[in-house]
Structures are given as C-alpha cells and as structure tokens.
2 protein chains.
Amino acid sequence: MVEIAAQAAAARHRTPLSKARVLETAVALADEGGVDALSMRKIAQALGVVPMALYKHVANKNELLDGMIDVVVGQIDPPAVGTDWKTAVRRRVLSARRMLLRHPWAPGVIESRMKARANPTLVVMEYLDSMIGIFREGGFSIDLTHHAMHIMGSRLLGFSQELFEDGSGRDPEPDMPPPDELAERFPYIAELAMAVAHDDESVVGSGCDDQFEFEFALDLTLDGLERLHSTA
Amino acid sequence: MVEIAAQAAAARHRTPLSKARVLETAVALADEGGVDALSMRKIAQALGVVPMALYKHVANKNELLDGMIDVVVGQIDPPAVGTDWKTAVRRRVLSARRMLLRHPWAPGVIESRMKARANPTLVVMEYLDSMIGIFREGGFSIDLTHHAMHIMGSRLLGFSQELFEDGSGRDPEPDMPPPDELAERFPYIAELAMAVAHDDESVVGSGCDDQFEFEFALDLTLDGLERLHSTA
DNA sequence: ACCTGAACACCGTTCAAGT
DNA sequence: ACCTGAACACCGTTCAAGT
C-alpha cells in the first residue's frame with residue numbers, strides 16, 4: 001500500500017526530489033509570479049510534495065533564496081578570453097543584464113540576502129572575482145580597479161548597495177570556507193581587500209570610504225555628460 | 001467609563017491618530033528594524049492602538065508603503081537655484097544619498113511599489129520632474145536629458161530599474177489626477193514623455209529603447225574608465 | 001454611525017506522533 | 001531512523017457583533 005503510493009509519486013515525478021530540483025522550481029515560480037508570491041508551501045505544491053519534504057534539501061527559506069541566487073548568477077557567461085578589458089567587461093555586463101531581464105526578482109533578493117549574510121554567496125564571489133580579474137589583467141592598478149568596481153555599481157548585479165558591507169561581529173556562514181581558502185579561491189578579491197585595508201589608515205571597519213567612492217563615480221558620470229553636452 | 005478610557009488613551013498619546021503620525025511611526029520602525037519586520041500589528045502596537053484603527057487612515061499596507069515613500073522622498077533637498085546644472089545635480093544627488101543612508105529600506109520599497117503601480121507616486125514624480133528640469137534649464141537637449149536621466153540611474157533613488165515601466169492596461173491609481181493635470185504639474189516629465197513617444201516610430205508601448213539606454217550609459221562609463229586608465 | 005474583537009486565509013517552522 | 005500531519009506563532013484583512 002505504502003509502496004504503491006510511493007511508486008505512484010515516483011511515476012508522477014520521474015526524478016526524485018533533490019536540492020537542484022527544488023531550486024529550479026523555486027526560480028521558475030519566482031519568474032512567473034514574483035518573489036513575494038513565492039512560498040515554501042507553493043514550491044512543495046508545484047513539486048507534488050508535502051511542504052516539510054523541502055526541509056530535507058534546504059535548511060530554511062533563507063538558504064533556499066541563497067540557492068536561487070547561485071542558480072541565476074551561474075547563468076552569467078564566463079569572461080571572454082583573448083580580448084581587451086573593455087570588450088570583456090562590456091560583454092559580461094550585457095550577459096548579466098540578460099540574466100536580470102529573465103529573473104527580475106534577482107537584484108532584490110541578492111541585495112536583501114547580502115545585508116543578512118556576512119559575505120556574498122560563493123557563486124557571487126566567483127562572479128565578482130573574475131570581474132575584478134578582467135580589470136587587473138587589463139593592466140588597471142589596484143586603486144583604479146577598486147574605483148572601477150564601484151563605478152560599475154548597479155550594472156554588475158542590478159542594484160547599487162555596497163557588495164561588501166562590514167560583516168565583522170556577525171556569525172560566519174556555515175558553508176563558508178576559512179579565510180585562507182577564500183583568498184586562494186578568489187585571488188583578485190583578496191588582493192583588493194588587502195590593498196584597501198592597508199591603504200586606509202584612519203578608518204577601521206570595512207576600510208573603504210563609501211562616500212568618496214560614490215562621489216568619484218558621480219563625478220565621472222557628470223564629467224561624461226558635460227563632455228557630451230559641450231560637443232553636442 | 002468609556003470616556004475615562006478615551007481620556008486615558010488621549011493622555012498617553014497627546015496627539016490623536018492621523019495619517020501623518022501613522023506614517024512617521026512606520027518610517028521610524030522601518031529605520032530601526034528593516035521593512036521585513038514591519039507589520040500593521042507592530043505599528044499599531046507602537047502607537048498604543050488596536051491594529052484595525054490604522055485602517056481608518058490608510059486603506060491597506062500598500063497605501064501605507066506609498067505614504068512612507070512620500071515621507072522620505074520629501075526629505076530630499078529641493079534643487080539649488082543660481083548655480084550651473086552640474087553643481088545643482090551634484091548637490092541634489094548627494095542629498096538623495098543622505099536620505100537613503102538614513103532610510104536603507106527605501107530603494108527596495110520604491111522599486112517594488114513602482115512595479116505594482118501604474119505610475120510612481122506624486123511626490124516621486126515631483127522629484128523626477130525637478131531633476132529633469134535642472135538638465136533642461138541647463139541647456140540640455142531633450143534627447144541628451146533623456147540619456148542623462150538613464151545614466152544617473154541608480155544614483156537618483158538607489159536602485160536601477162526603470163522608473164516608468166509600461167503601465168498601459170493597468171488600473172490607474174485612485175489618487176492619480178487626470179493626464180492633462182499631470183502634464184501641467186510636471187511639465188518636464190510631460191515634455192520628455194511626448195518627445196520619446198514621438199521620436200520612436202517603430203515600437204509602441206513605453207516608447208523607450210531600454211537596451212539602447214543601458215548600453216549608452218555603460219559605454220559612457222567604460223569610456224570614462226578608459227580615459228582614467230590611459231592618463232594614469 | 002462608529003469602533004473593534006473574532007475570524008479567515010495565509011505564512012515559515014517546530015515538534016511529536018506515526019511508521 | 002525516517003517521514004509528515006498537526007500545531008504554533010505570526011501575517012494582512014474581512015466582517016459581523018457590539019456600542
């Protein structure tokens with residue numbers, strides 16, 4: 001009797017439940033109805049499963065949201081090889097934009113999860129590391145690379161908050177490798193973090209003057225507009 | 001007996017309940033604990049009032065969120081007079097940034113409400129209209145002003161989604177004046193909307209090529225970085 | 001006519017009872 | 001040991017009963 005029911009369930013959904021299948025379904029539901037209408041109960045219903053079954057594959061809804069972020073950020077094309085930095089950055093940002101058009105809920109979820117976690121997820125760090133790498137391999141100084149990342153701002157992931165807030169004093173995420181392993185895996189982020197922390201002598205904490213970076217980016221934009229205005 | 005209770009309540013809160021007081025309390029609670037932790041029940045509790053009493057001053061939670069947006073956007077300084085466009089834009093954007101640092105929940109709420117409504121709220125339109133006005137009074141062509149607003153993007157209100165999505169077919173908001181009155185009240189928005197709609201011959205709908213605007217802004221940014229890179 | 005408590009339909013998650 | 005239904009503590013909002 002129980003076996004028959006189990007077989008019926010297996011027949012209805014030929015693949016057994018897995019974290020990947022839960023995340024795919026969640027992404028699809030968010031694409032359709034927005035993230036506000038997404039609930040554990042609806043995901044379970046879409047999978048033909050009792051709500052509590054999801055908790056075998058994701059610890060809670062926050063971990064589900066982190067997993068959804070990883071799914072969609074993983075859809076961004078890897079950096080182009082054999083081109084100059086400018087076309088490499090351009091192509092990658094346009095690929096990120098195509099992803100964000102497919103998943104309009106993504107910027108908000110990435111931003112809110114970023115505020116709650118001590119670090120971005122590993123997949124997001126991977127993306128940022130390789131983006132920093134494009135500038136560094138293109139011959140940008142560390143300082144200019146730092147400014148560049150701030151200037152790109154919302155074009156990288158569709159929102160404009162800081163990517164690395166001050167996470168000191170917060171509990172590290174359980175899935176996060178130790179700092180030395182992170183530094184090895186994301187060399188460009190590590191290089192930038194070291195340089196910024198060392199460079200800045202007066203302020204402790206994040207070691208990055210957000211106000212300066214904001215004004216730097218604003219002025220670059222205004223200068224660009226002024227140039228267009230005067231030549232038009 | 002009832003009068004005594006009423007007097008006691010009036011003594012505890014010397015000002016009677018009003019929409020302004022509800023909104024102020026909601027903004028303060030969101031500043032403290034974030035917008036996710038904000039609920040009608042908690043606002044009522046903070047005001048020493050039964051939850052249902054709030055519904056006398058705001059129709060529902062969406063209207064409450066709209067009201068909160070208006071409160072904080074109203075805190076942005078008006079445009080400076082007697083200066084060139086560049087310093088006027090610069091000062092105003094920095095004023096907007098100060099507001100967003102005080103109310104970190106604001107970008108997310110503005111963005112999500114923008115998606116749900118056919119138009120931004122009147123206070124947001126006021127802000128955008130006067131920002132467009134700075135460029136126009138500074139001698140910018142309509143086209144360049146249009147590009148400029150897209151380029152300013154996330155610096156205006158802290159997020160990067162489109163400010164005017166295609167709202168055709170959606171019910172107009174009940175508090176929204178008729179189109180002709182809107183055009184009179186927000187002349188710069190009206191001028192821009194007319195020009196964009198007329199300019200664009202092939203596409204119906206919003207009449208604004210978002211992909212083109214995105215790439216225009218991206219290329220301006222990349223050109224600015226290239227200039228810094230080569231002169232450094 | 002006004003106010004409001006109870007109730008409804010949701011939600012994420014805990015927990016104990018069932019197998 | 002595993003799975004899951006009931007239950008808990010929330011939520012926004014409706015509605016009818018009370019004054």
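Excluded from the calculations below are hydrogen atoms, water molecules and symmetry mates; all remaining heavy atoms, backbone and side chain alike, are included. Below, chains carry the letters A, B, ... as their sequence lines are ordered, and counting in each starts from 1.
Both distances falling under 3.5 Å, in either a Watson-Crick or a G-U wobble arrangement, place D:dC8 opposite C:dG12. Partner assigned to D:dC3 is none, using Watson-Crick or G-U wobble distances below 3.5 angstrom. In this structure, D:dA17 forms no base pair with any nucleotide, since neither Watson-Crick nor G-U wobble geometry is met with both distances under 3.5 Å.
Residues A:D77 and A:R92 form no side-chain contact, since every pair of their non-hydrogen atoms from C-beta on lies 4.5 Å or further apart. Looking at B:V73 and B:I110, their side chains come closer than 4.5 Å, going by heavy atoms from C-beta outward.
Of the possible donor and acceptor atoms, none in the side chain of A:R155 sits under 3.5 Å from a partner among the backbone N and O of A:V93. B:D129 places a side-chain N or O within donor-acceptor distance of the main-chain N or O of B:Y188, the cut-off being under 3.5 Å.
Considering only the side chain of A:V50, D:dG5 comes nearest among D:dG12, D:dG5, D:dA7. The B:M52 side chain lies nearest to D:dT13 when the options are D:dT13, D:dG5, C:dG12. When distances run from any side-chain atom of B:A53 to the nucleotides C:dT13, D:dC11, C:dT4, the shortest one goes to C:dT4.
With rounding to whole Å, A:H57 atom NE2 is found 17 Å from C:dT13 atom P. Following rounding to the nearest Å, B:R41 (CZ) and D:dT13 (P) show an atom-to-atom distance of 10 Å. Atom CG in B:D36 sits roughly 12 Å away from atom P in D:dC11 (whole-Å rounding). Whole-Å rounding puts the B:L38 CG to D:dC11 P distance at 10 Å. B:M40 has its CE atom 15 Å from the C1' atom of C:dT4, to the nearest Å. Rounded to whole angstrom, the span from the CG atom of B:N60 across to the P atom of D:dG12 amounts to 11 Å. Remark: P of C:dG12 and CG of A:L54 are 10 Å apart, rounded to the nearest angstrom. In this structure, NZ of B:K42 is placed 14 Å from C1' of D:dG12, rounded to the nearest angstrom.
Under the ring pair (Phe, Tyr, Trp, His ring centres under 6.0 Å) criterion, B:H147 pairs with B:F212, B:F216, sequence neighbours left out.
Taking only side-chain nitrogens and oxygens, A:K56 never comes nearer than 4.0 Å to OP1 or OP2 of D:dC2.
Distance noted for atom P between D:dT13 and C:dC2: 22 Å (whole Å).
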